[in-house]
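The structure under discussion appears below in the form of C-alpha cells.
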There are 4 protein chains.
Amino acid sequence: MRDSEATRERILEAAEELFAAKGFYETAMDEIVKTAKISKGGVYFHFPSKEKLFFALLDRLAEKLQRAVETAIAQRHGALAKIEGALEAVLKTLAGKRRLAQILLRQGYGLGPDFERKRLEIYSRFAQVIQKHLDEAVAEGSIESINTELTAYAWLGALNELVTRWIYTGTPDPLKESLPALTRLFLSSIGAALKDPHPAPSPPP
Amino acid sequence: MRDSEATRERILEAAEELFAAKGFYETAMDEIVKTAKISKGGVYFHFPSKEKLFFALLDRLAEKLQRAVETAIAQRHGALAKIEGALEAVLKTLAGKRRLAQILLRQGYGLGPDFERKRLEIYSRFAQVIQKHLDEAVAEGSIESINTELTAYAWLGALNELVTRWIYTGTPDPLKESLPALTRLFLSSIGAALKDPHPAPSPPP
Amino acid sequence: MRDSEATRERILEAAEELFAAKGFYETAMDEIVKTAKISKGGVYFHFPSKEKLFFALLDRLAEKLQRAVETAIAQRHGALAKIEGALEAVLKTLAGKRRLAQILLRQGYGLGPDFERKRLEIYSRFAQVIQKHLDEAVAEGSIESINTELTAYAWLGALNELVTRWIYTGTPDPLKESLPALTRLFLSSIGAALKDPHPAPSPPP
Amino acid sequence: MRDSEATRERILEAAEELFAAKGFYETAMDEIVKTAKISKGGVYFHFPSKEKLFFALLDRLAEKLQRAVETAIAQRHGALAKIEGALEAVLKTLAGKRRLAQILLRQGYGLGPDFERKRLEIYSRFAQVIQKHLDEAVAEGSIESINTELTAYAWLGALNELVTRWIYTGTPDPLKESLPALTRLFLSSIGAALKDPHPAPSPPP
DNA sequence: TATGAATGAGATTTCATTCAT
DNA sequence: CATGAATGAAATCTCATTCAT
C-alpha cells in the first residue's frame, strides 16, 4: 500500500514535469514511463488512461493552489484585506512553481471539449472564492454594488494572462514589480483603494 | 491563379470550422481534406504543414479582428472614447463569430512552445493598440498615471476568460448584459468613469 | 525474452527475403509486416526505422559471410592456399545463398550517402582480410611486392560483378565452371601460379 | 526545335547533377524541375516518366564514356596497347567527371529488376569491347588462351569498385598513383607485362 | 510546347492501450 | 503489483503523374 502510493506519486511527478514542458499531446506515455522509472503496465494500473492521469494532475495542482489561497485568506481580516491576501498568495505560489502555473493556466486548452470542461470546473472553484469575498465586501459596505461574478472571472483571466507572460517572457518580475500595480488595478476596478502595504513606521509615543 | 486563391480560401474555411470545433490535435488533416473537398496533396500544395496552416489561420483571424477594432477606434474621438469603442468592437466581433473567438482565444494553448510563441505574438499586437490609447489618455490627463502595459495585458486576459465563458456556457450574453458592466469594470480599473450611456435618474436637487 | 528474440529473427528473415527480391525502396514496411506475421508497431519496437532494419540486416549477412571465410582460411596453411580457400568459401557461400549475395552485393547502392557509407564499411572489413593475407604472401616471398590494398579492392569488385551476373543471368555456374578460371585470374594478377588442382597432361619429354 | 533541344538538355543536366548527388529515389521530380528551371509538364513532355529520364541519362553517359574509350583505342596499335589505352581513357574520363562516374557505377543498383537489367545491358557493351580486344590479343599470340569473357567482367567490376572508392574516400588519386599499379595488375592477370609507359629517350644516332 | 495546381495512392512512423507472464 | 513486447488504427506527409489553360 505504502509502495503503491509512492509509485503513484512518482508517476504524477513525472507527468507534471513533462506536461508542463511540452503539453499534453506532445508528451508520450513512453516518456512518462521512462521518467518515472516504471513500466507501461504500472502507469495503467494507477491511471486508466492518459487523459485521466492529466485530470488527476490538474486536480492535485488546483488543490495545492487552493490551500495556499485559503491559508492566506484565513490570516487576514476584512473582505478587502482577504482579497489582497489571496492575490498575493496566488502570485507567490505560481511564481514559485512554474510547472504548476504552466499546467493550470496554459495546458489543457484547445485540447477538445472534455479538457475545456475540466478547466472551466477548476476555474469556477477559484471564481467562487473570489466572488464570495467580493460579495462580503459589498455587504460590509466596503465597496459599491457591482457584478461580482463577472469581476471574479475577469480577475482570473487577467491573472492568467499576466502569469503566462511571466512564464514565457520572464518579465516583469511577478512579485517585486507587478504585485503592487496589479493589486492597485484590481482594487481600482471595484472602486476600492489599496491600503498602504508598507506603512511608514508609526512614531513612538 | 484566381482559382488557386479560391482553393486556398476553401482550405482555410474548412480548417477554421474544424479547428474551432475540435482543436488542433483532434482535427485530422483527412477531415480538413474532406470538408474542403480537395485532395490531400492539394492542401499540402498550399500549406507546407498542418502547423503552418494553423498559423496562417491565426494570422488571418487576428487581422480580421484588428480591422474591426481599428475601424471602431477611428470613428471615435478622445482616448477614453476610443477605448470604449474598441472594447465594444471586440465583443461584437467575437460574439458574432464564435469560431473566430474559439480559435483566437482558446486554441493554440498547450500545444507546445511554438504555438505559445505565436499566440504571444498576436496578443502583443492587440496589447500595443490598447496600451497606445491608454498612454494617450494619460497624456491627455483623462486618467492618472498607471502601468499601461500591465493594464493592457490584464484587460486582454479578462476579455479572453469572459468570452471563453460565453462561448462554452452561453451565459451571460456578451453584449446586452455584460458590455456595460465590463466597460465599467475596465474604466474603473484605470480610475475613469463611464460616460453615462444609461443615465441613472438624477437625484433631486 | 526468448520469444522476443524469435520475433526479431522473424522480422530479419522477412526483410532479407523482400529486400533481396525487390530492393530497399521497392519493399514496403507493410510487406515486411505481412511476411513476418507481426504488427507494424512490432517491427518498430525492434528496429527504430526502415533504414536501421536494413543496416542490421547488412551487418548480419556480412558476419555470416565473414565467418565462412574465416573458417575456410583457418583450415589451410600458407598465404596463397589461404587466399584460394577464402575465394572458394566466398563463392560457395554466395552461390548457396542468393539472397545474401543480392543484398550484400547489389542492394544498398545508389540509396544515398548513408547507405554507401555502410557498404564501404562492410567492404573494408573484407578487403582488410584479403590484404592481410596478401601482405603475408609478400612477406613469405611467395609473391612479388605489389600494391596489396589496391589488389584487395580490385578482387572484391571483380567478385561482386561476377557474382551479380550469376545471380541475374544464371550463367556461368559459379563453382563448377568459373572457380578455377577466376582463381587463376586472381593468382595471375599477383604473379602467382595456381597450384595445379586439375593437372594438364604432362608434355612429352 | 532548337529551343526544345536546349530544354531537353537542361533537364538532363539537372537530372545528372541531382541523381549523382542523391540517387534515384532520393531525388524528387520537383527538384529536377526547380534545378532545370522548367515546369513539371515540361519535363513530362520530354520524358514520359522519371524512370525513362534516368535511363536516358544512363545511355547518354555510357555513350560519352564509350566514345572516349573508342578514341583512345583507335590511336593505339596492337591489342595490348589498345587495352592499356582503354584503361587509361576510362580512368581519365571518370576521374574528370565525378557525376558521370557516380551515376554509371553506383546509381541504379538495388532499385529493382528493371534498373538492374539496364545496368547489365550497359556493362555488357563495355565488356564486349574489352573481350574483343582480349580475343585479338590471344589470336595475335600476345597472351595465352584465357577465359576472356570472365576476364572482361572481372576487370569491369574491379574498376567499378576502385573508382567508387576514389569517389567516396578521395584516395588514392586515380591517375597519378593508381593507374600504373592497376594497369600492371590487369596485365598481370592475363599473363602480360606492362610496356614501359615512359620510355627513356632513345639516344640520337 | 509549357505551366503549375491538383490528384490520390501509398509511405513511414507514432502511440495509447492491452495482456500473458 | 509490475513488466514490456506486441497491437493496430490512425496520423502526417510525399511524390510521380495528369490535365485544363
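Just so we're on the same page: letters track the sequence lines, and every chain starts at 1. What you see below is based on every heavy atom in this structure, not just the backbone, and it leaves out hydrogens, waters and symmetry mates.
- Between A/K34 atom NZ and E/dC15 atom P the separation is 12 Å, expressed in whole Å.
- Nearest-nucleotide mapping onto DNA chain F: of D/T27 and B/D30, the residue sitting toward the 5' end is B/D30.
- As rounded to whole Å, 11 Å separates atom P of F/dT12 from atom OH of A/Y25.
- E/dT17 atom P lies 11 Å from atom CD1 of A/I32, rounded to whole Å.
- Across residues 39-48 of chain D, D/S39, D/K40, D/G41, D/G42, D/F45, D/H46 each have a non-hydrogen atom less than 4.0 Å from an atom of DNA chain E (numbered order).
- Within the 3.5 Å criterion, the main-chain N or O of C/T27 finds a donor-acceptor partner in the side chain of C/K50.
- Side-chain atoms of C/E31 come within 3.5 Å of backbone atoms of C/A28 as a donor-acceptor pair (strictly under, hydrogens ignored).
- Distance D/F54 CZ to F/dA16 C1': 16 Å, rounded to the nearest Å.
- Distance B/F24 CZ to F/dA11 C1': 11 Å, rounded to the nearest Å.
- By the 4.5 Å heavy-atom criterion applied to side chains, A/M29 and A/Y44 are counted as neighbours.
- Between the C1' atom of F/dA11 and the CG atom of B/L18 lies a distance of 15 Å, rounded to the nearest Å.
- Distance, C/L53 CG to E/dT13 C1': 14 Å, rounded to whole Å.
- Using a 4.0 Å cut-off, no side-chain N or O of D/S49 falls inside it from OP1 or OP2 of F/dA16.
- Contact check, A/T7 against F/dA2: a side-chain N or O comes under 4.0 Å of OP1 or OP2.
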Given Watson-Crick or G-U pairs with both distances under 3.5 Å, what dot-bracket string fits DNA chain E, with | for other-strand pairs and [ ] for crossing? .||||||||||||||||||||
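- In this structure, B/K52 forms no cation-pi arrangement with B/F47, as its terminal cationic atom is not both closer than 6.0 Å to the ring centre and no more than 45° off the ring axis.
- Across every non-hydrogen atom of B/V33 and B/K40, the tightest pair is CG2-CA, 3.6 Å.
- Contact record, B/A36 with B/R10: O-NE, 2.8 Å, taken as the closest heavy-atom pair.
- Look at the P atom in both F/dT21 and E/dT1: the space between them is 23 Å, to the nearest Å.
- The CE-P distance, from C/M29 to F/dT7, rounds to 14 Å in whole Å.
- Side-chain contact between B/Y123 and B/L120: absent, with no pair of heavy atoms (C-beta onward) separated by less than 4.5 Å.
- In this structure, OH in C/Y25 is found 9.0 Å from OH in D/Y25, a value given to the nearest 0.5 Å.
- With the nearest nucleotide of DNA chain E identified for both A/E51 and B/K37, B/K37 has the one nearer the 5' end.
- With a 4.5 Å cut-off on side-chain heavy atoms, A/T7 and A/I11 count as touching.
- Mapping B/K50 and A/I38 onto DNA chain F by nearest heavy atom places A/I38 at the nucleotide closer to the 5' end.
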